[in-house]
**Q** 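Handing you a structure now.
Whatever order the structure lists them in is the order used to number ligands and atoms, beginning at 1. Heavy atoms only: backbone and side chains are in, while hydrogens, waters and symmetry mates are out. Nothing here was measured: the structure is a model prediction, and the numbers come from that model.
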Amino acid sequence: STGGAVATPEDHDVEYLTPVSIGTPEQILNLDIDTGSSDLWVFSSETSRSEVKGQTLYDPSNSSTAQKLEGYTWSISYGDGSSSAGEVYLDTVSIGALTVSSQAVEVAQKVSSEFTSDSNNDGLLGLGFGSLNTVQPNAQKTFFDNAMPALDSPVFTADLKAGIPGRYNFGYIDPNAYTGNITYVSVDDSQGFWDWTSPGYAIGSGSFENTTIKGIADTGTSLLLLPSSVVSAYYGKISGAKYDSTQAGYVLPCSPTPPDFAFGVGDDGAAIVLPGKYINYAPTGSSGTTCFGGIQGDSGIGFAIFGDVALKAAFVVFDGGSKTLGWASK
Ligand SMILES: CCCC[C@H](NC(=O)[C@H](Cc1ccccc1)NC(=O)N1CCOCC1)C(=O)N[C@@H](CC1CCCCC1)C(O)(O)C(F)(F)C(=O)NC
C-alpha cells in the first residue's frame with residue numbers, strides 16, 4: 001500500500017499542516033507532521049474549553065471504531081517549551097489512501113498556551129522513532145511503524161516547499177519530485193531522532209568548509225539551527241547582520257538578498273543549497289527592512305536541527321527499513 005497528503009504552510013512556513021482522517025465516520029483534523037517526536041495527539045472533546053481557540057476537535061464518542069485504552073496517559077514537552085497531556089484511544093487513522101486500523105490517538109486534556117493560540121493546528125502526528133513515545137504504562141507505535149509492514153517500500157518522504165503546499169508520501173518515492181540523485185546517509189536512532197551527520201557547508205560561491213555537523217532532520221522545527229561557528233561565519237558575510245538579544249536571534253537587512261547556504265550530504269560532494277531568500281525568514285518590524293534569520297544557533301540543544309528552512313530546499317526520504325536518510329535537490 002501507499003498513501004500521502006498535502007502539507008500546507010502556515011505564515012512564514014512556521015509549520016506545515018496536513019489533513020488526517022480519524023475515526024468512523026471520518027473526522028478530518030489538520031495535523032503538524034513532526035519527525036522530531038513520536039506521539040500522535042489531537043485537540044479533542046476532552047480538551048479544557050478555555051484552552052481551545054478555533055481548533056477542530058476529535059470526539060471519540062462520535063466514532064464507532066474508537067476504543068479507550070483505560071488507564072493510559074501521555075504527557076509531552078517540546079524544545080520550544082510548549083506541552084500537552086491527556087488520555088489514549090485506539091482508532092482508525094488515514095493519510096490519503098493509507099489506513100492504519102488500530103492507531104493510538106492521544107487526546108489532549110490540557111495544552112499549553114502556544115497550542116491554544118495556534119488556531120489552525122489541531123495536533124501533531126509524530127514520525128520519530130518509537131523510543132520517544134510518551135504513553136504510559138506502555139509506549140505506543142507511530143503511524144509509520146504501524147503502517148510499515150503493509151507499505152510497498154518502508155519509507156516516507158517529505159517534500160516541503162517555500163510558501164506553497166508540498167507533500168508527505170508513504171510507501172513510495174515519486175521520481176518526479178526531485179532532480180539528480182538521492183544521496184543516502186546513515187541515521188543514529190539511539191536518541192529517537194532521525195539523526196545524521198553532514199560533512200560541512202559552503203556560503204554563497206565560497207569554498208566548502210569541512211566540519212562535522214551532527215543533527216536531526218526535523219519537520220516540526222521551523223528554522224535551520226546550526227553550530228555557532230557556522231552561524232557566525234554565515235552572518236559575518238552580511239553587512240548589517242547582527243545578533244539581536246531582544247529578538248533572541250540573528251537579524252539581517254532583508255535586502256539585498258543574503259548569500260545562499262549549502263550543507264553537504266555524504267562523502268562524494270553532494271550538497272543541498274538553500275537560496276538566500278530562505279534566510280529572510282520573516283520581517284521583524286513593520287518597516288520590513290530588517291528580517292529575522294532563518295539560520296540560528298543550536299547552542300544549548302546539543303545537536304543541529306535541520307528544520308523546515310532546510311527541508312524545504314530538498315526532497316527527503318526517511319527510510320525506516322535501512323534507517324537511512326535520503327537527500328535530493330529539486
Ligand atoms: C530545540 C528547538 C526546537 C524548537 C521547535 N519549535 C519550533 O521550531 C517552533 C514551531 C512552532 C510552529 C508553529 C507555532 C508554534 C511553534 N517555532 C519556533 O520556535 N519559532 C521561533 C523562531 O522563529 C520561527 C518560529 C520544537 O520544539 N519542535 C518540536 C515540535 C513543535 C512543538 C511546538 C508545536 C509545533 C511542533 C519537535 O518535536 O520538532 C522537537 F524535536 F523539537 C521536540 O521538541 N521533540 C521532542
**Q** Would Lys214 and Asp188 pass as an ion pair if we require N to O under 4.0 Å?
**A**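 Yes.
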**Q** Ligand 1 and Ser82, any nitrogen or oxygen pair closer than 3.5 angstrom?
**A**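 No - when backbone and side-chain N and O of Ser82 are compared with those of ligand 1, no distance drops under 3.5 Å.
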**Q** Provide the number and element of each atom of ligand 1 under 4.0 Å from a heavy atom of Asp32.
**A**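 Checking each atom against Asp32, I get 35 (C), 36 (C).
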**Q** Ser37 heavy atoms, cut-off 4.0 Å: which ligand 1 atoms fall inside?
**A**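 Those qualifying, in numeric order: 38 (O).
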**Q** So which protein heavy atom does atom 23 (O) of ligand 1 come closest to, and at what separation?
**A**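 Its nearest protein heavy-atom neighbour is Leu223 CD1, 3.8 Å.
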**Q** When only distance counts, is Gly79 in polar contact with ligand 1, meaning an N/O pair under 3.5 Å?
**A**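 Between Gly79 and ligand 1 (N or O atoms, distance only) the closest approach is under 3.5 Å.
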**Q** So which protein heavy atom does atom 31 (C) of ligand 1 come closest to, and at what separation?
**A**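 Ranked first by proximity to atom 31 (C) of ligand 1 is Gly220 O, 3.3 Å.
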**Q** So for ligand 1, is Ile305 a polar contact partner (N or O within less than 3.5 Å, distance only)?
**A**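 Min N/O separation from ligand 1 is not below 3.5 Å for Ile305.
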**Q** Quick one, Tyr58 and Phe43 - any side-chain contact, counting heavy atoms below 4.5 Å?
**A**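 They are not in contact (no side-chain heavy atoms under 4.5 Å apart), so the answer is no.
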**Q** Considering heavy atoms of the protein only, find what lies nearest to atom 1 (C) of ligand 1 and give residue, atom and distance to 0.1 Å.
**A**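 Among all protein heavy atoms, the one nearest atom 1 (C) of ligand 1 is Ile301 CD1, 3.7 Å.
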**Q** Using a 4.0 Å heavy-atom cut-off, which part of Leu132 comes near ligand 1: side chain, backbone, both, or neither?
**A**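 Neither; no heavy atom under 4.0 Å.
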**Q** Below the 3.5 angstrom mark, is there an N/O of Glu15, backbone or side chain, next to an N/O of ligand 1?
**A**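 Checking ligand 1 against Glu15, no N or O pair falls under 3.5 Å apart.
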**Q** Walk me through whether Trp41 and Phe115 qualify under ring pair (Phe, Tyr, Trp, His ring centres under 6.0 Å).
**A** CA-CA 12 Å; Trp41 72 263; Phe115 288 112; 4.9 Å; yes
**Q** Return yes when atom CG of Asp80 has more than 12 non-hydrogen atoms of other residues, nucleotides or ligands closer than 6.0 Å, and no otherwise.
**A**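 Enclosed.
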**Q** Any salt bridge linking Asp159 with Arg167? Criterion: basic side-chain nitrogen under 4.0 Å from a carboxylate oxygen.
**A**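 Salt bridge absent between Asp159 and Arg167.
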**Q** Tell me whether Gly36 has any N or O atom under 3.5 angstrom from an N or O of ligand 1.
**A**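 Right, the criterion is met.
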**Q** So, do Tyr250 and Tyr234 have ring centers that fall under 6.0 Å from each other?
**A**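 Not close enough - the centres of the two rings lie 6.0 Å or further apart.
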**Q** From the options Asp34, Val309, Asp80, select the one whose nearest heavy atom is closest to atom 7 (C) of ligand 1.
**A**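 That would be Asp80.
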**Q** Run down the list Ile76, Thr221, Asn120 and name the one with the heavy atom closest to atom 26 (C) of ligand 1.
**A**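 Nearest option to atom 26 (C) of ligand 1, by heavy atoms: Thr221.
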**Q** A quick test of your reading: do over 12 heavy atoms of other residues, nucleotides or ligands sit less than 6.0 Å from NZ of Lys141?
**A**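 No, because the 6.0 Å sphere around NZ of Lys141 holds 12 heavy atoms or fewer from other groups.
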**Q** Centres of the Tyr168 and Tyr16 rings: under 6.0 Å?
**A**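 No; Tyr16 has its ring centre 6.0 Å or more from that of Tyr168.
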**Q** Is the ring centre of Phe143 less than 6.0 Å from the ring centre of Phe170?
**A**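 Between Phe170 and Phe143, which both carry aromatic rings, the centre distance is below 6.0 Å.
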**Q** Closer than 4.0 Å and a protein heavy atom, does any atom meet both conditions relative to atom 21 (C) of ligand 1?
**A**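 So atom 21 (C) of ligand 1 lacks protein heavy-atom neighbours under 4.0 Å.
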**Q** With a 4.0 Å cut-off, would you call Lys110 and Glu51 a salt bridge?
**A**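 Here Lys110 does not pair with Glu51 in a salt bridge, since their nearest N and O are not under 4.0 Å apart.
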**Q** For the 3.5 Å polar cut-off, considering only N or O atoms, please tell me whether Tyr281 and ligand 1 meet it.
**A**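 Checking ligand 1 against Tyr281, no N or O pair falls under 3.5 Å apart.
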**Q** Identify the protein heavy atom lying closest to atom 15 (C) of ligand 1, giving its residue, its atom name and the separation to 0.1 Å.
**A**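 The closest one turns out to be Asp118 OD2, 4.5 Å.
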**Q** Identify, by atom number and element, the atoms of ligand 1 in contact range of Asp218, meaning under 4.0 Å from any of its heavy atoms.
**A**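 Checking each atom against Asp218, I get 37 (C), 39 (O), 40 (C), 41 (F), 42 (F).
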**Q** List the closest protein heavy-atom neighbour of atom 34 (C) of ligand 1: residue, atom name, distance to the nearest 0.1 Å.
**A**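 Of the protein heavy atoms, Phe115 CE2, 3.5 Å lies nearest.
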**Q** Is Ser222 close to ligand 1, meaning an N/O of one under 3.5 Å from an N/O of the other?
**A**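 For ligand 1, there is an N or O atom that lies under 3.5 Å from one belonging to Ser222.
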**Q** Does Trp196 have its ring centroid less than 6.0 Å away from the ring centroid of Tyr184?
**A**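 No.
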**Q** Using atom types as modelled and distance alone, determine if a side-chain donor or acceptor of Asn133 lies under 3.5 Å from a backbone N or O of Ala139.
**A**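 No.
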